[in-house]
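First up is the structure itself, then whatever we jot down about it.
In each ligand, atom 1 is the first atom listed, and ligand 1 is the first ligand listed. Heavy atoms only: backbone and side chains are in, while hydrogens, waters and symmetry mates are out.
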Amino acid sequence: METTLDTLITLFAKLPGIGKKSAGRLAYHILETNRNYAQALGDTLHCLHDSVKQCSVCGCWTESDPCDICCDTSRDRSMLCVVEKAQDVRVIEESREFPGRFHVLGGLIAPLDGINPDDLAIGALLKRVREEKISEVILALNPTVEGDTTALYIQRQLQETGTSVSRLASGLPAGGELEYTDRLTLARSLRGRIVMR
Ligand SMILES: [Zn+2]
């Protein structure tokens, strides 16, 4: 019969980057450290999905809808930074280089994996650009085949709106992930963004 400890190890092993061995280390660590930690961890996980929601405007994770960034009147409302996933917002916020607001796509176009433009928040992006009178869209997408495909698709869709569309400049490693980029590299890439034509 599977013990509680076995279950915990199996659950941890499902997390990205955690193998069976690390899962075991984590589970034993939690068991052997003080009880309060395990309790706090459990309580936080328990209410995670109820407390944290997606912002109905930009799609980032938030506890109040619309999120603080969307509500912040001091931000430049003419600029939108488009990212693949909600956690990319945090990375760009930490670079402190971007004064505008965000738009989360929820993935990248990848026909081989069955992910088409309609599966992503691209329609919502076009709507925002038109309705919110956005004058500049910055595509902060990973420099991968999927990132390039998505950027090109969005650029074409936005062409008729007359909005300026740019992508992050070099400095980002080819095939790399935004999430793992250090702050300085990201700051440089934002500053040196290239306008797409
Ligand atoms: Zn928002």
Using the salt bridge (charged side-chain N to carboxylate O under 4.0 Å, His left out) rule, collect all pairs that involve residues 132-155, keeping only residues at least two apart or in two chains.
-> Arg101-Glu132, Arg128-Glu132, Glu136-Arg193, Asp148-Arg167

For Cys58 and Ile69, run side chain to side chain contact (heavy atoms under 4.5 Å, CB included): C-alpha distance rounded to whole Å, both residues' side-chain angles, the deciding distance at 0.1 Å, then the answer.
-> CA-CA 9 Å; Cys58 71; Ile69 297 175; 5.9 Å; no

N/O donor-acceptor pair under 3.5 Å between Thr7 side chain and Thr3 backbone = yes

Which N, O or S atoms belonging to the protein are less than 2.8 Å from the Zn ion (ligand 1)?
-> Cys55 SG, Cys58 SG, Cys67 SG, Cys70 SG

Please check if the side chain of Asp88 supplies one atom and the backbone of Val83 the other of a donor-acceptor pair under 3.5 Å.
-> no

If you round to the nearest 0.5 Å, how far is NZ of Lys14 from CD1 of Ile18?
-> 14.0 Å

Which heavy atom of Leu108 sits nearest a heavy atom of Ile115, and at what distance?
-> O-CG2, 3.3 Å

